[in-house]
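Remember, it's 1-based here, ligands and their atoms both numbered in the order they're listed. Just so you know, residue 1 is the first one in the sequence shown, and it goes up from there.
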Amino acid sequence: MESKLLYEGKAKRVFATDNPDEVLISYKDSATAFDGQKKGTIVGKGKVNNLMSAAMFGYLEQKGIPTHFVRLVSQTEMIVKHVQIIPFEVVVRNVVAGSLSKRLGIPEGVVLDEPVREIYYKDDELHDPLVNDDHIRLLGKADQRTVDTLREMATKINSLMKPFMAARGLTLVDFKLEFGLFKGEIILADEISPDTCRFWDSQTNEKLDKDRFRRDLGGVEEAYEEVLRRISGGVNK
Ligand code: UDP
């Protein structure tokens with residue numbers, strides 16, 4: 001089934017399949033942080049991120065969000081639609097954390113009245129800079145209508161994911177989304193996992209995401225497994 005390696009990233013490998021409209025994604029256990037400066041392994045991460053992404057894409061599809069997900073192949077592999085990735089990442093925030101806290105000097109944990117949305121330009125050499133609509137126009141890589149669609153889809157996804165996580169005892173602090181073009185349609189791509197979202201336990205505010213790796217908090221593998229357990233187990237709190 002697996003064939004030509006099309007792309008190898010920090011956390012995934014992408015392979016061609018017999019169907020030119022589909023590719024196979026293989027999730028890895030390797031982890032990076034701080035723009036690739038910190039490297040490590042999170043045992044079982046590939047499985048957690050693959051299975052969790054499949055569950056989230058399935059849920060979102062059911063709620064009317066088009067995604068690249070086609071089917072699971074194994075615990076660490078899925079088939080997805082072969083999209084052309086739009087080179088802008090959308091971050092949605094419900095609680096202040098990470099770079100927002102640093103940039104604006106607001107303490108971590110401040111709950112936002114309205115979600116804060118940010119767009120970053122995907123470019124490793126430039127270290128994925130934060131961009132506004134004028135910058136996006138200047139770059140010429142996406143038109144205003146596309147950018148508006150990305151923001152609207154991200155807002156809708158947040159309003160679907162927040163209660164889904166809350167019902168499983170998780171506060172959805174923030175997350176990053178990537179979108180792709182498939183036969184002219186903008187669809188959700190990449191992954192939804194503890195690598196790309198911040199989750200805090202609703203009762204204790206314990207961090208259950210990649211911040212455990214970034215900040216050397218210990219219990220990294222356990223946190224990833226716990227998130228998958230809550231997502232797969234359905235409503236349990
Ligand atoms: N994020 C991501 N990939 C990136 C940058 C951010 O998945 O390259 C996610 C991150 O896990 C968090 C959210 O986007 O859930 C906001 O991240 P932030 O801007 O606070 O950056 P960080 O503190 O992670 O550097």
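- Residues satisfying the ring-ring contact (aromatic ring centres under 6.0 Å, His included) test with Tyr59, not counting sequence neighbours, are Phe164.
- Of the N and O atoms on the side chains of Ser101 and Arg93, not one donor lies less than 3.5 Å from an acceptor on the other residue.
- Screening Val43, Asp209, Ile42 for a side-chain contact (heavy atoms from CB on, under 4.5 Å) with Tyr224, the sole residue that qualifies is Ile42.
- No side-chain N or O of Asn50 forms a donor-acceptor pair with one of Glu77 less than 3.5 Å apart.
- With sequence neighbours excluded, the residues forming a salt bridge (charged side-chain N to carboxylate O under 4.0 Å, His left out) with Glu206 are Arg212, listed by chain and number.
- Closer than 4.0 angstrom to ligand 1 sit non-hydrogen atoms from Glu89, Val91, Arg93, Ala97, Gly98, Ser99, Tyr120, Asp174, Phe175, Lys176, Asp195, Thr196, Cys197, Arg198, Arg214.
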Acceptor/donor pairs from residues 82-90 side chains to any protein atom, 3.5 angstrom cut, sequence neighbours excluded:
| residue | atom | partner | partner atom | Å |
| --- | --- | --- | --- | --- |
| His82 | ND1 | Pro20 | O | 3.4 |

